[in-house]
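A short write-up of the structure that comes next.
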Amino acid sequence: IVMWPHRALTVRTAFRIARDDEAVYVGVVCEDPDPAPARPAVPPEEDGQMFRNDVVELFFDPVGTGFSHYQFMVGRRGDTGALFYFENGN
C-alpha cells in the first residue's frame, strides 16, 4: 500500500491478490469511519482525473521495466476507470 507523500495512514486498508491461468483477482477492504462526505464521481469534462477522488488504484507493469503500466481505479461510489501508460524511456 502506497500513500501519497505527507499523508498519514489513519484507517486500516487490507487486500488480497490471487491469480489463475486466466485472470488476476483483487479484493480490497478500506475502512472508513465517516463515509458520508464521499465526493461525487469525476465528470468527463475534468479529463477523467478519477485519481483525485477517494479511489483504490492498482498498477500492473507486465514487462517489469518501469516504462509502462496498466492502471485500474475503483471509486467509493462504484465508478471505475482504466488506463494504459507508456513511456519510451526519455
task = Say whether Val24 and Val56 are linked into one hydrophobic cluster, either directly or through other cluster members, by side-chain heavy-atom distances under 4.5 angstrom.
result = yes
Results of ring-ring contact (aromatic ring centres under 6.0 Å, His included) for Phe84 - residues two or more places apart only = Tyr70
request  = Indicate if Val29 and Val74 have the same hydrophobic cluster label, given that clusters are the connected sets of ILVMFWY residues with side-chain heavy-atom separations under 4.5 angstrom.
outcome  = no
inquiry  = Within the structure provided, determine whether Phe72 and Val26 are in side-chain contact (heavy-atom separation under 4.5 Å).
reply    = no
note = Nearest heavy-atom contact between Asp61 and Gly66 is OD2-N, 2.7 Å
remark   = When every non-hydrogen atom of Gly75 is compared with those of Val55, the smallest separation belongs to CA-CG1, 3.8 Å
task = Report whether Ile17 and Val28 are members of the same hydrophobic cluster (ILVMFWY, side-chain heavy atoms less than 4.5 Å apart, transitive linking).
result = yes
message = For a quick test of reading the model, state the closest non-hydrogen atom pair linking Phe59 to His69 and the distance between them.
response = CD2-CD2, 3.4 Å
task = Flag yes if Phe60 and Phe15 sit in one hydrophobic cluster, no otherwise; membership is Ile, Leu, Val, Met, Phe, Trp, Tyr, and two members link when side-chain heavy atoms are under 4.5 Å apart.
result = yes
query = Once you round to the nearest 0.5 Å, how far does CG of Leu58 lie from CD of Gln71?
reply = 9.5 Å
